[in-house]
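The next block holds one structure in the form of structure tokens; read it before the comments.
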Amino acid sequence: MRAIVAESPDQLVWQEVPDASAGPGEVLIKVTAAGVNRADVLQAAGKYPPPPGASDIIGMEVSGVISEIGAELGSGVAEWSVGQEVCALLAGGGYAEYVAVPAHQVLPIPDGIGLEDAAGLPEVACTVWSNLVLTAHLDKGQLLLMHGGASGIGTHAIQVARALGARVAVTAGSEEKLQTCRDLGAEITINYRDDDFVARLQEYGGADVILDIMGASYLDRNLDALATDGQLVIIGMQGGLKGELNIGKLLPKRLRVIGTTLRGRPVSGPNSKGEIVAAVTESVWPMIADGRVRPFIGARMPIQQAGQAHQKLVAGDVHGKIVLTV
Ligand SMILES: NC(=O)c1ccc[n+]([C@@H]2O[C@H](COP(=O)([O-])OP(=O)(O)OC[C@H]3O[C@@H](n4cnc5c(N)ncnc54)[C@H](OP(=O)(O)O)[C@@H]3O)[C@@H](O)[C@H]2O)c1
């Protein structure tokens, strides 16, 4: 089969690699499209190694057709069959013609969604649902601050939060991106380059939940932007790994600071990828089927152009997701 091999961060080459096959508990997917994530860019640069046992080929989500079913799928997994169209959350291996994936991480294609577009859903849907709902219990009437509102994660989070009846504030770096966020339902839009998100959030009594992709550089200001009993959920470290946590700001407002990652979770069991995939299939797929949430695909490119796709993501030259077609 062919797959993308990262010869260097800028040299992503579509070439022959050993065939993938379905091991015990896995299905093999013939890939139609692969979603691009910031983690893929980091992995190509050697800064985000795959978890133990995962493929060293880049790519954390795909859509496609099941071509083989491995032995011992076990209980508690949906019934999959050869020829079925699906999408999947991966620990790696997605930028390829075929990928083997634990059956627990396979999802059906939501009703009404094209097979290519579905490649841009598993990572954002699982990240957003696990953090906003399973972790922070975002509720109707609460205020969410989403940093990077026009990102892949942000465009999905805005829609899910609105579908839950929450209000949404976002930050982004340009008027065009803020307009995208407004179109998706964001009410408070803040250009982080020339506006102070803390002051803007304080006008509204503070955020109940912040979904943060910046980490260190926003840590202190995020605490100031939270309402009493607010929760800061950190999922990215684009602004650095180490910040100073002012505990004096936590106690009076009873704040919680939480960090999570999706990729390194176990396949099944408590707090696993399998548990999240099941919750997303049950709760988010109906929101997509009835049109409350849509995949937001900003660009489609052939997989041979994976390198250009990564450059586009790093340059901030895309709203929503990029999908690579195979
Ligand atoms: N922990 C997890 O399990 C998990 C899972 C998935 C994703 N993530 C993380 O979530 C983040 C988004 O992922 P993605 O794939 O959606 O990436 P993406 O589409 O490349 O988005 C990155 C975003 O960062 C925004 N940004 C840059 N500087 C900013 C600043 N100072 N303030 C606010 N926003 C800023 C950019 O917005 P502008 O262009 O407007 O500047 C851009 O929209 C990444 O950090 C990724 O690592 C974590």
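Indexing begins at 1, ligand by ligand and atom by atom, following the structure's order.
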Is there side-chain contact between [X] and [Y], with heavy atoms separated by less than 4.5 Å?
{"X": "Asp208", "Y": "Asp139", "answer": "no"}
{"X": "His147", "Y": "Asn222", "answer": "yes"}
{"X": "Leu164", "Y": "Met287", "answer": "yes"}

Give the atoms of ligand 1, by number and element, whose distance to some non-hydrogen atom of [X] is under 4.0 Å.
{"X": "Thr171", "result": "33 (C)"}
{"X": "Leu313", "result": "19 (O), 20 (O)"}
{"X": "Ile213", "result": "10 (O), 11 (C), 23 (C), 24 (O), 25 (C), 45 (O)"}
{"X": "Leu262", "result": "2 (C), 3 (O)"}
{"X": "Gly152", "result": "16 (O), 19 (O)"}
{"X": "Ser151", "result": "16 (O), 18 (P), 19 (O), 21 (O), 22 (C), 23 (C), 43 (O)"}
{"X": "Ala172", "result": "40 (O)"}

Please classify the [X] to ligand 1 contact at 4.0 Å (heavy-atom distances, strictly less than): side chain, backbone, both or neither.
{"X": "Glu123", "result": "side chain"}
{"X": "Met214", "result": "side chain"}
{"X": "Ile235", "result": "both"}
{"X": "Val314", "result": "neither"}
{"X": "Lys177", "result": "side chain"}

Checklist entry - Would a distance-only check, ignoring hydrogens and angles, find a side-chain to backbone donor-acceptor pair under 3.5 Å from Thr325 to Ala33? => result no

Checklist entry - Okay, side chain of Glu275, backbone of Asn271: is any donor-acceptor separation there less than 3.5 Å? => result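 Such a contact is found between Glu275 side chain and Asn271 backbone.
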
Using the rule that Ile, Leu, Val, Met, Phe, Trp and Tyr join whenever any side-chain heavy atoms are under 4.5 Å apart, tell me whether [X] and [Y] fall into a single cluster.
{"X": "Val128", "Y": "Ile210", "value": "yes"}
{"X": "Val31", "Y": "Met301", "value": "yes"}
{"X": "Leu90", "Y": "Val326", "value": "yes"}

Nitrogen or oxygen atoms of [X] and ligand 1 under 3.5 Å apart:
{"X": "Tyr218", "answer": "yes"}
{"X": "Ser174", "answer": "no"}
{"X": "Ile153", "answer": "yes"}
{"X": "Gly173", "answer": "yes"}
{"X": "His147", "answer": "no"}

Next on the checklist: Name the residue from Glu187, Glu175, Glu176 that meets the salt bridge (charged side-chain N to carboxylate O under 4.0 Å, His left out) definition with Arg182.
Outcome noted: Glu175

Checklist entry - Among protein heavy atoms, which sits nearest to atom 41 (O) of ligand 1, and what does the distance come to when rounded to 0.1 Å? => result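 Going atom by atom, the protein heavy atom closest to atom 41 (O) of ligand 1 ends up being Tyr192 OH, 2.3 Å.
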
Checklist entry - Between Arg162 and Gln159, does any side-chain donor sit less than 3.5 Å from a side-chain acceptor? => result no

Checklist entry - Under the 6.0 Å and 45° cation-pi test, does Arg167 pair with Tyr204? => result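 Judged by the rule, Arg167 and Tyr204 form no cation-pi pair.
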
Checklist entry - Looking at atom 30 (C) of ligand 1, is any protein heavy atom nearer than 4.0 Å to it? => result yes

Checklist entry - If you measure from the Lys or Arg side-chain nitrogens to the Asp or Glu carboxylate oxygens, is any gap between Asp117 and Arg300 under 4.0 Å? => result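 Arg300 and Asp117: salt-bridged.
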
Checklist entry - atom 24 (O) of ligand 1: which of Arg38, Glu61, Gln238 has the nearest heavy atom? => result Gln238

